[in-house]
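Hydrogens, waters and symmetry mates play no part in the numbers below; they use all other heavy atoms, side chains included. Each ligand, and each atom within it, is numbered from 1 in the order the structure gives.
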Amino acid sequence: SAKAEGRNGFRFFSAEMNRALQERRQVERDLRRALAEGQLRLHYQPQVDLVTQQVVGLEALLRWEHPQRGQVMPDAFIGVAEEIGLLNRIGEWVLLEACATAIRWPGPRMAVNISANHFQSADFLRAVRHALDSTGLNPRRLEIEITEGVLLTDTERTLATLGALREMGVSVAMDDFGTGYSSLGYLHKFRFDKIKIDRSFVTSLGDDPQSVAIIRAVIAITQALGLRCNAEGVESIAQAALLRAEGCTEAQGFLYGRAMPEQDLAVLLGVSRDAAA
Ligand code: C2E
Ligand code: MG
Ligand code: MG
Ligand code: MG
């Protein structure tokens with residue numbers, strides 16, 4: 001009967017939920033040890049100047065080398081880390097590690113993703129200063145990537161933090177632009193150095209004329225405001241050519257390189273690490 005099926009359905013559902021809960025608890029337990037046991041790694045993806053084809057930036061992207069599961073991607077654990085109150089500490093580690101790497105590879109800017117929560121926290125600016133001071137990195141080589149979530153709460157604090165970063169010489173990029181709560185008001189109220197056009201617009205360039213129109217408009221805004229513009233998720237030469245023709249300044253994507261461990265940067269940057277240092 002329908003009733004029995006319902007009960008079966010419920011039993012199945014609750015077994016599934018139980019499994020998901022166990023699994024989730026295991027991830028939490030493992031994650032608490034990951035930082036202390038050195039299982040977190042940074043990989044670096046090149047950001048390329050569309051005119052000169054030079055690598056002008058590296059974006060630090062988090063990887064978790066889980067002892068049993070192998071490499072875990074950030075989308076699978078950053079949410080959990082945030083919920084159990086671990087993401088700010090992870091962010092501090094990322095800042096230090098990325099700055100230390102940047103020192104070994106002179107030239108390109110180092111871009112670091114910072115969660116909305118961490119950016120808004122009282123400790124964030126101290127962590128940035130600590131990472132710069134303890135590594136000796138020129139602040140002009142550090143770029144902080146934030147998403148629109150940062151702009152939704154506590155405007156005063158956000159303005160103060162952005163101002164302090166600017167004073168230090170650290171630049172700020174608006175990541176994933178065009179998704180979420182994008183508002184032109186934000187571009188007016190908050191000053192960024194760079195806008196990163198979300199990958200979804202670049203991906204649909206080939207078969208969706210509206211994406212071309214949107215990208216053209218965003219590029220025009222960045223030009224009018226004197227900002228750099230980075231297009232994310234560039235996978236084909238055709239996409240790169242179109243973006244370049246429209247006046248986009250930078251691109252990032254599998255066409256130029258995936259995020260890679262530090263030891264692979266020598267080939268990317270065309271130098272040996274010793275020669276570079
Ligand atoms: P994001 O900051 O927008 O980073 C870009 C993501 O797109 C990266 O995924 C990158 O590997 C991927 N990507 C780059 N080019 C291409 C392409 O051509 N095609 C495709 N299909 N994908 C491309 P990843 O490394 O999995 O990171 C996902 C997100 O996790 C990041 O998005 C960022 O929001 C977050 N994340 C990564 N590292 C950190 C971190 O250290 N701290 C924080 N708070 N978040 C991080
Ligand atoms: Mg990013
Ligand atoms: Mg992005
Ligand atoms: Mg993203």
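- A259 does not count as a contact of ligand 1, since none of its heavy atoms falls under 4.0 Å from the ligand.
- The contact set between ligand 1 and S115, taken as ligand atoms under 4.0 Å from a residue heavy atom, comprises 44 (N).
- Between the R41 side chain and the W64 main chain, no donor and acceptor come within less than 3.5 Å of each other.
- Those atoms of ligand 1 with a heavy atom of G253 less than 4.0 angstrom away are 15 (N), 18 (O).
- Angle subtended at the Mg ion (ligand 2) by D175 OD2 and N113 OD1: 90°, rounded to 10 degrees.
- Using a cut-off of 4.0 Å between Lys/Arg side-chain N and Asp/Glu carboxylate O, R19 and E16 are scored as salt-bridged.
- The salt bridge (charged side-chain N to carboxylate O under 4.0 Å, His left out) contacts involving residues 234-254 comprise K194-E250, R216-E246, R228-E250, where partners must be two or more places apart or lie in separate chains.
- Assignment of K196 to the shell around ligand 1 is not supported, since no heavy atom sits closer than 4.0 Å.
- No side-chain donor-acceptor contact under 3.5 Å links E59 and Q45.
- Ring orientation note: the planes of F119 and F124 are tilted relative to one another, at an angle of 30° to 60°.
- For the residue pair D123 / S121, no side-chain donor-acceptor distance below 3.5 Å is found, with atom types taken as modelled.
- On a distance-only criterion, N113 and ligand 1 share at least one N/O pair closer than 3.5 Å.
- The two atoms that bring T135 and L96 nearest to each other are CG2-O, 4.1 Å, heavy atoms only.
- No donor-acceptor distance shorter than 3.5 angstrom exists from the side chain of D176 to the backbone of T179, with no hydrogens or angles considered.
- Residue contacts to the Mg ion (ligand 2): D176 brings no N, O or S atom closer than 2.8 Å.
- Residue-ligand proximity, E232 to ligand 1, at heavy-atom distances under 4.0 Å covers atoms 3 (O), 5 (C).
- Each of the following atoms of ligand 1 lies closer than 4.0 Å to a heavy atom of I78: 35 (C), 36 (N), 39 (C), 43 (C), 45 (N), 46 (C).
- Checked against a 3.5 angstrom limit, the closest N/O atoms of A60 and ligand 1 fall outside it.
- Taking 2.8 Å as the threshold, E232 does not count as a candidate ligand of the Mg ion (ligand 2), since none of its N, O or S atoms lies below it.
- Every atom of ligand 1 with a heavy atom of V94 under 4.0 Å away is listed here by number and element: 41 (O).
- Counting only residues at least two apart or in different chains, salt bridge (charged side-chain N to carboxylate O under 4.0 Å, His left out) contacts with residues 65-84 comprise E23-R69, R24-E83.
- At least one heavy atom of E235 sits closer than 4.0 Å to an atom of ligand 1.
- Every atom of ligand 1 with a heavy atom of V234 under 4.0 Å away is listed here by number and element: 18 (O).
- Remark: ligand 1 atoms within the under-4.0 Å shell around heavy atoms of D75 are 28 (C), 29 (C), 30 (O).
- Short contacts between ligand 1 and Q45, defined as distances under 4.0 Å to a heavy atom of the residue, involve ligand atoms 14 (C), 15 (N).
- Distance alone, capped at 3.5 Å, is enough to place a donor-acceptor pair between the D193 side chain and the V172 backbone.
- Nearest N/O/S atom of E59 relative to the Mg ion (ligand 2): this is OE2.
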